[in-house]
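These numbers come from a predicted model, not from an experiment.
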Amino acid sequence: ELMDSPIAGITYEQAMKYIQYKQDISNSCGFTSKDTFRYECFLPTPEQFDAAQTALDSVNGLGCNMFNYKGSLCADCPNGKEMIQHPVSSRTGMEPTSVWNYFPDRRGLKNLRGNVAEMTSVKGIAVGGSCIHYASEAYPGKRQAYIGSAGWLGFRVWYRRIPFGS
């Protein structure tokens, strides 16, 4: 289950080294003459991250929390009682939890808000809020400043396809 937890507690420099590693691996698979693109791995700008966020309220029609933010563990939700008993999920709203605890947004992305604030290409600026931030701090345009590593701070590798010859 810990493999389903976000990568957190690392520095910007460590995240950038990992992203370079992922790019090297993604592009070392033996391209053929039929291939028309390669992958570029990167951290998004704050604006790119904001554009990727969808209109998702912090609670659904039943009042259940839709992402991991400060104080978001909901005992009345359909799986709330199970989450409270679980050794990892019981920390929801206090620390990062499994990426599978919440539904994906309309693009299929999980935890684009809450859980861990996500590093951007701008060192020291994270977005998306985290488990220690209130839901209101997770919406587009909101920023979280950081120095060094923190348990509430992580990253997500973004990919873009680059045509050969570009």
Side-chain angles (χ1 to χ4, degrees), residues 1-27 39-60 64-74 77 83-84 86-162:
E1 286 186 14
L2 291 177
M3 294 303 291
D4 290 330
S5 297
I7 298 172
I10 66 171
T11 65
Y12 177 85
E13 291 77 17
Q14 289 170 318
M16 293 306 292
K17 284 181 182 177
Y18 181 79
I19 287 170
Q20 183 61 53
Y21 165 77
K22 287 296 286 186
Q23 181 168 312
D24 292 346
I25 293 297
S26 297
N27 291 313
Y39 289 105
E40 179 184 19
C41 301
F42 64 99
L43 288 177
T45 65
E47 296 76 21
Q48 287 171 320
F49 189 92
D50 289 346
Q53 286 191 344
T54 58
L56 177 70
D57 200 353
S58 60
V59 294
N60 66 14
C64 297
N65 300 302
M66 299 301 291
F67 55 90
N68 184 13
Y69 54 89
K70 187 173 184 173
S72 64
L73 184 58
C74 177
C77 289
M83 287 177 69
I84 288 173
H86 194 275
V88 175
S89 299
S90 64
R91 305 294 299 160
T92 297
M94 295 176 270
E95 63 186 38
T97 189
S98 171
V99 298
W100 299 103
N101 280 356
Y102 295 92
F103 296 106
D105 68 12
R106 65 180 166 85
R107 292 184 179 150
L109 299 171
K110 293 182 181 224
N111 296 308
L112 203 56
R113 288 200 186 117
N115 216 25
V116 295
E118 300 203 25
M119 292 179 191
T120 66
S121 61
V122 180
K123 183 178 179 179
I125 301 295
V127 291
S130 78
C131 56
I132 69 160
H133 297 99
Y134 291 103
S136 61
E137 297 174 273
Y139 288 94
K142 301 293 184 174
R143 308 288 186 253
Q144 292 83 42
Y146 69 90
I147 299 172
S149 64
W152 55 266
L153 177 67
F155 72 99
R156 172 183 318 245
V157 179
W158 289 43
Y159 293 85
R160 103 176 102 223
R161 289 170 33 158
I162 306 293

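Minimum interatomic distance between M119 and A15 (heavy atoms only, all atoms of both residues): SD-CB, 3.7 Å. Summarising the geometry of G114 relative to A138, their closest heavy-atom pair is N-CB, 4.3 Å, with the distance given to 0.1 Å. Between Y12 and S121, the shortest heavy-atom contact is OH-O, 3.0 Å. For A126 against L153, the heavy-atom pair with the smallest separation is CB-CD1, 3.6 Å.
With hydrogens and angles ignored, the 3.5 Å screen pairs a side-chain donor or acceptor of Q144 with a backbone N or O of E137. T120 contributes a side-chain N or O that, together with a main-chain N or O of I125, makes up a donor-acceptor pair within less than 3.5 Å.
Taking NZ from K17 and CD1 from I10, the interatomic distance works out to 11.0 Å, rounded to the nearest 0.5 Å. Once rounded to the nearest 0.5 Å, the distance linking CD1 of I147 with NZ of K123 reads 10.0 Å. Atoms CH2 and SG, on W152 and C131 in that order, are 9.5 Å from each other to the nearest 0.5 Å.
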Derivation and outcome, salt bridge (charged side-chain N to carboxylate O under 4.0 Å, His left out), residues R161 and E40: CA-CA 6 Å; R161 289 170 33 158; E40 179 184 19; over 6 Å; no

Residue pair R156, E118: steps toward the salt bridge (charged side-chain N to carboxylate O under 4.0 Å, His left out) verdict: CA-CA 7 Å; R156 172 183 318 245; E118 300 203 25; 2.8 Å; yes

Verdict with reasoning, F42 to R160, per side-chain contact (heavy atoms from CB on, under 4.5 Å): CA-CA 8 Å; F42 64 99; R160 103 176 102 223; 3.7 Å; yes

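Of the options R143, K142, R113, a salt bridge (Lys or Arg N to Asp or Glu O under 4.0 Å) to D50 is made by R143 and by none of the others.
More than 12 heavy atoms of other residues, nucleotides or ligands lie within 6.0 Å of OH in Y159, so this atom counts as buried by the packing criterion.
I19 has its side chain within reach of L43: a pair of non-hydrogen atoms, C-beta onward, lies under 4.5 Å apart. Within the 4.5 Å cutoff, the side chain of V122 has heavy atoms near those of the P46 side chain. At least one side-chain heavy atom of T11 sits under 4.5 Å from a side-chain heavy atom of Q14.
Using cut-offs of 30° and 60° for the angle between ring planes, the Y18 and F155 rings count as perpendicular.
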